[in-house]
Structure formats: C-alpha cells, structure tokens
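First listed ligand is number 1; within each ligand, the first listed atom is number 1. Heavy atoms only: backbone and side chains are in, while hydrogens, waters and symmetry mates are out. For this chain, numbers begin at 1 and follow the sequence in order.
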Amino acid sequence: MPDSPIKEPDSEHKLAARLRGITRSFGDGGARLQVLKGINLDVRCGDITMLVGPSGCGKTTLISIIAGTLEADDGELDVFGCNLRTMKKSAITRFRAENIGFIFQQFNLIPTLNCIENVSVPLLIQGKSTRYAEKKAREVLDRVGLGDRMKHRPTQLSGGQQQRVAIARALVHEPKLIICDEPTAALDAKNGRVVMELFESVAKGAERAVIIVTHDNRIFQHANRIASMDDGSVIEVHDLDGVTPLPAHLLHLAHS
Ligand SMILES: Nc1ncnc2c1ncn2[C@@H]1O[C@H](COP(=O)(O)OP(=O)(O)OP(=O)(O)O)[C@@H](O)[C@H]1O
Ligand SMILES: [Mg+2]
C-alpha cells in the first residue's frame with residue numbers, strides 16, 4: 001500500500017495532530033472499499049493546513065478520523081499528544097467537546113433551534129449556563145456578520161448564512177483545533193474573507209491549529225501548509241511562505 005510523504009519534523013512547531021499509516025475501509029467482503037491507504041500527516045500548531053484533492057479521494061473520511069468521529073482501522077493518531085487510537089469512546093467524546101470545533105460539509109445545524117441556540121450547543125455540552133452560552137453565541141454570530149439573524153432558524157437562512165452559523169458554532173467554545181469541510185463553499189468573496197480572517201486569528205495561537213478541506217483556490221493565500229490527496233493517500237505536502245506562489249499543479253488539483 002502506498003505510504004504518503006512526511007515533511008521533516010521541525011522543532012519550532014508543536015504538533016496539533018500526528019498521523020502515521022492511517023487506514024480506513026468501508027463495506028465487507030468483495031464490496032470492501034479501501035478509502036484511506038496509509039496516511040502520514042503532521043498538522044502543526046500555529047498553522048492553517050489545507051487539504052485538497054479530487055472528490056471521493058478520502059478528505060472527509062480523513063478529517064472525521066482526526067476529529068474522533070470515525071475510527072481508523074489501523075495506524076497511529078495523536079491529537080495534541082493524546083493517542084486517539086487507544087482512548088475509550090467516552091474519553092474521545094469528552095476530548096472532542098473540549099478541544100475540537102468541526103464544521104461539516106452539510107452544516108448539520110439543528111433545524112428546530114434558532115441561530116443563538118444552535119451556536120450555544122457546544123458550550124451547553126461543556127456544562128456552561130444557558131445565559132453564558134447565549135451571550136457567547138451572540139458575540140460570535142456578530143463576528144460572522146449574522147447580528148441581524150440571531151432568532152432565525154436554519155430553514156429561514158440562505159446557504160451562506162447557514163454556513164456562517166456552522167462556523168460560529170465551531171468557534172464558540174474556543175477549541176484548540178478547528179476542522180472545516182469546505183468552509184467557504186457557499187460564501188461570497190466578502191464573507192469568505194471575514195471567515196478566513198477569523199480562522200487566521202485562531203491559528204495564530206501557539207497551541208492552536210486549523211485544518212480546512214477546500215476546493216476554493218481563493219483561500220489558498222491563507223494556508224501555511226497544503227496537503228494534497230489522491231485516491232486515499234497524501235501525495236504531496238507543500239509549505240507556503242506567503243511569498244512563493246503555489247505550484248500550478250496544486251492549483252489544478254484543487255480544481256478537480
Ligand atoms: N460511510 C461510508 N460507507 C461507505 N463508503 C463510504 C462511507 N463514507 C465514505 N465512503 C466512500 O469513501 C470515499 C471517500 O469519501 P469522502 O467523503 O472521504 O471523499 P471526499 O474526498 O471528502 O469527497 P468530496 O470532495 O466529494 O467531499 C468515497 O468513495 C465514498 O463513497
Ligand atoms: Mg468531502
């Protein structure tokens with residue numbers, strides 16, 4: 001099985017996530033599909049790491065494993081030094097509630113709750129009071145430009161507005177790792193910029209990191225590291241210094 005390349009370890013950056021030989025398949029017998037084929041990846045604190053690659057190559061599967069919502073079949077997975085492969089399910093659930101903000105490709109907002117209530121959920125899960133949770137939810141909704149939609153339910157919002165509610169919900173408990181599946185797909189240029197600036201301010205924290213799955217080459221300028229995947233493997237990892245342009249073949253990959 002192909003192994004994906006690893007960048008040389010670098011002592012300047014702590015690792016938010018370290019993956020070695022991660023595999024995952026779905027289905028049984030003849031219908032078994034090997035979706036991840038030995039993923040190696042370092043996600044550094046202080047970085048925005050973007051994950052690109054063609055539809056179906058395994059991006060959502062991979063970030064679900066990093067977030068602890070899906071189990072790997074094999075390999076090593078450390079997130080902020082915790083070995084998620086050996087932790088009990090209940091411990092992973094607690095770890096996730098404390099440390100990870102996840103923005104799903106399909107938003108996954110709760111249809112019966114309004115914006116404030118949706119965004120409050122991660123804080124309520126942590127045992128914070130409703131009053132505190134709603135105050136925080138209002139602040140973050142304001143930051144993503146939804147100050148005038150606080151009481152709307154998801155069905156009363158546009159796709160881009162729903163996406164921003166999902167982003168607010170992922171940020172509200174100030175998690176150390178934000179993981180986003182196509183966070184700007186439904187956003188116009190202005191809101192895309194607002195959201196990326198929020199992610200940049202998160203990633204600036206020495207102990208924090210952001211992972212973004214994207215096809216949106218408008219946001220590549222915000223990446224510190226781009227990992228490109230194909231057919232279940234990370235085939236290339238590219239560090240950006242903010243000056244050197246991204247190689248054309250990576251731009252092309254992101255479009256496919
Ligand atoms: N629960 C599942 N059961 C069976 N197959 C699955 C399951 N989840 C994902 N797959 C398969 O795994 C492969 C990778 O899916 P994944 O969602 O990770 O792709 P992706 O890179 O995120 O694609 P996209 O860019 O379209 O979102 C696909 O072929 C998909 O059909
Ligand atoms: Mg996906």
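Nearest non-hydrogen protein atom to atom 15 (O) of ligand 1 is Thr61 OG1, 3.8 Å. At the top of the distance list for atom 26 (O) of ligand 1, counting protein heavy atoms only, stands Ser55 OG, 2.5 Å. The closest protein non-hydrogen atom to atom 27 (O) of ligand 1 is Gln105 NE2, 2.9 Å. For atom 25 (O) of ligand 1, the closest heavy atom belonging to the protein is Lys59 NZ, 2.7 Å. Protein heavy atom closest to atom 9 (C) of ligand 1, with residue, atom name and distance, is Phe26 CE1, 3.5 Å. For atom 17 (O) of ligand 1, the closest heavy atom belonging to the protein is Thr60 CB, 3.6 Å.
Under 4.0 Å is where a charged nitrogen must lie from a carboxylate oxygen, and between Asp230 and Lys37 no such pair does. A salt bridge links Asp239 and Arg44; the closest N-O separation between the charged side-chain nitrogens and carboxylate oxygens is under 4.0 Å. Using a 4.0 Å cut-off between charged nitrogen and carboxylate oxygen, Arg138 and Glu134 do not count as a salt-bridge pair.
The Mg ion (ligand 2) lies at 2.8 Å or more from every N, O or S atom belonging to Thr61. Counting backbone and side-chain atoms alike, Thr60 contributes an N/O/S atom closer than 2.8 Å to the Mg ion (ligand 2).
At a threshold of 4.5 Å between non-hydrogen side-chain atoms, the residues Phe220 and Leu240 do not count as touching. In this structure, Arg149 and Leu141 have side chains that are not in contact, with every pair of non-hydrogen atoms separated by 4.5 Å or more. Residues Arg225 and His238 form no side-chain contact, since every pair of their non-hydrogen atoms from C-beta on lies 4.5 Å or further apart.
Under the 4.0 angstrom criterion, atom 5 (N) of ligand 1 counts as having a protein heavy-atom contact. There is no protein heavy atom closer than 4.0 angstrom to atom 30 (C) of ligand 1.
Heavy atoms from other residues, nucleotides or ligands lying under 6.0 Å from CZ of Arg85 number more than 12. Within a 6.0 Å sphere centred on CD of Glu71, other residues, nucleotides and ligands contribute 12 heavy atoms or fewer.
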Audit row: Phe104, Arg169, side chain to side chain contact (heavy atoms under 4.5 Å, CB included) steps and yes/no: CA-CA 11 Å; Phe104 297 87; Arg169 182 181 57 184; 4.2 Å; yes
Worked verdict on Asp216 versus Arg218 for salt bridge (charged side-chain N to carboxylate O under 4.0 Å, His left out): CA-CA 5 Å; Asp216 180 359; Arg218 295 173 307 175; 2.9 Å; yes
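Considering both main-chain and side-chain atoms, Gly56 comes within under 3.5 Å of ligand 1 through a nitrogen or oxygen pair. Of the polar atoms of Cys57, at least one N or O is found under 3.5 Å from an N or O of ligand 1, judged by distance alone. Residue Glu182 places no N or O, backbone or side chain, under 3.5 Å from any N or O of ligand 1.
Residue contact annotation: His215 has a non-hydrogen atom under 4.0 Å from ligand 1.
Those atoms of ligand 1 with a heavy atom of Gly58 less than 4.0 angstrom away are 14 (C), 18 (O), 19 (O), 20 (P), 21 (O).
When heavy-atom distances to ligand 1 are checked against a 4.0 Å cut-off, Val35 comes that close only through its side chain, counted from C-beta outward.
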